[in-house]
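Could you have a look at this structure, given as structure tokens, before my questions?
A quick note: this is a predicted structure, and the numbers were derived from the prediction, not measured. Any value given below was found using the heavy atoms of this structure, including those in side chains, with hydrogens, waters and symmetry copies removed. Both ligands and their constituent atoms are indexed starting at 1 by order of listing.
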Amino acid sequence: TLAVVSAWRISGLRQVVRYWYCSWMETALANEYRRICHDPATHQPLAYLRLRRAIRNIVEHRDIEPGQALPSERDLSHALKLSRVTVRKAIAGLVEEGLLTQRHGAGTFIAERIVKPMSRLTSFTEDLRERGLRPRSEFFERVVGEVTPEEAMAMNLSPGTLVARLHRVRYGQDEPLAIERSVVPASVLPDPMLVHDSLYEALEKLGCRPRRALQRLRAGSLNVQQARLLHVAVGSAGLNIERRSFLDDGRVVEFTTSWYRGDIYDFVAELHTD
Ligand code: 16G
């Protein structure tokens, strides 16, 4: 009986906290929305665009933390005295931008983003572990074959050279975050089955962990197949990254093409004057 009573108390307490939090957030949003309506500098005649700006502002000012839930459409339209169509339109735009995410049946949340520094030569596994997330790979391909003309050019290999090929979806917890195709000379990685979750861990064991890399980053939209694998809408923003990594002696050790989800990743570089 005691256990049931304490469980009931805890869940009751959670509900009170959630209720308090939602009404606090509604107030913060309503205040910001009103401020924007009366601010001549941010003159915006359309209500859904004003609401979009209000939500963006309170997220950027960290009044709401990533991962937290937004009040329901009904509560927002009530608190802001706006139609549900307007609220829905404001939210839909921010979901498309990647600032908010919607989980079926659970509601709308402030998107949690992964900040990846650009200046360190780290692996996906290390990046995620550093953030306390559990990395995982799902393989579609782990084979040895002859180098293609494009790969031969990119890796400075002669035609006919054997390479190990990995094609996988990279997960953080249970969320797909990126798709990667990696090519490694078979002289470095003779058996691709040696890669369980992490390519760099396997290369480290073989004494061939990359020491230097060149990376090219481009924006693009995800096609039907990529969007399906990454559980996002077709045409969503993606970051297309090519990495060529080298050993100390200058040999290319990896040529990887990745598609990272644009709604989750922030690539950050530190810049110095000379
Ligand atoms: C990162 C690298 C990728 C590398 C992989 C190794 C970028 C843009 N790409 O995803 O080139 O192959 O890490 O990760 O950072 P792993 O050791 O976990 O397999």
#### Entry: For E180, atoms of ligand 1 separated by under 4.0 Å from a heavy atom
1 (C), 2 (C), 3 (C), 5 (C), 9 (N), 10 (O)

### Task
Heavy-atom contacts with R170 under 4.0 Å: which atoms of ligand 1 show up? List them by number with element.
14 (O), 16 (P), 18 (O), 19 (O)

Determine all donor-acceptor pairs shorter than 3.5 Å in which one atom belongs to a side chain in residues 152-163; sequence neighbours excluded.
residue	atom	partner	partner atom	Å
T161	OG1	S158	N	3.4
T161	OG1	S158	O	2.4

### Task
Could you list the atoms of ligand 1 found under 4.0 angstrom from a heavy atom of T125?
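Numbered from 1, ligand 1 contributes 16 (P), 18 (O).
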
### Query
Does an N or O anywhere in Y200 fall below 3.5 Å from an N or O of ligand 1?
yes

### Under 3.5 Å: N/O of F124 near N/O of ligand 1
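There is such a contact, yes.
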
#### Entry: Top protein contact for atom 4 (C) of ligand 1, by heavy-atom distance
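Going by distance alone, atom 4 (C) of ligand 1 is nearest to E254 OE2, 3.3 Å.
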
#### Entry: Y260-ligand 1 polar pair, N/O distance under 3.5 Å
yes

### Message
Per the ring-ring contact (aromatic ring centres under 6.0 Å, His included) rule, what does the pair list look like for residues 197-232, sequence neighbours excluded?
### Response
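Matches after skipping sequence neighbours: none remain.
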
### Task
Kindly indicate, with the supporting measurements, whether the criterion side chain to side chain donor-acceptor pair (under 3.5 Å) is fulfilled by S182 and E180.
CA-CA 6 Å; S182 302; E180 290 192 313; 5.2 Å; no

### Summary
The protein heavy atom nearest to atom 17 (O) of ligand 1 is S198 OG, 2.6 Å

### Query
Any heavy atom of R168 sitting closer than 4.0 Å to ligand 1?
yes

### Query
Distance under 6.0 Å and angle within 45° of the ring axis: does R244 meet both against F255?
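Cation-pi check for R244 and F255: fails.
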
### Derivation of the salt bridge (charged side-chain N to carboxylate O under 4.0 Å, His left out) call for E254 and R181
CA-CA 10 Å; E254 126 183 67; R181 279 180 189 277; over 6 Å; no

### Summary
For L199, the atoms of ligand 1 under 4.0 Å from one of its heavy atoms are 12 (O), 16 (P), 17 (O), 19 (O)

### Message
When you compare the side chains of R170 and S137, does any donor N or O come within less than 3.5 Å of an acceptor on the partner?
### Response
yes

### Task
State the CG-CZ distance between L239 and F267, to the nearest 0.5 angstrom.
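So the gap between those two atoms works out to 5.5 Å.
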
### Query
Less than 4.0 Å between a side-chain N and a carboxylate O, is that true for E126 and R129?
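Looking at E126 together with R129, the answer is no, because their closest N to O distance does not fall below 4.0 Å.
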
### Task
Can you pull out the closest protein heavy atom to atom 7 (C) of ligand 1? Residue, atom name and distance to 0.1 Å, please.
R243 NH2, 3.4 Å

#### Entry: Side chain, backbone, both or neither: the part of I241 lying under 4.0 Å from ligand 1 by heavy atom
side chain

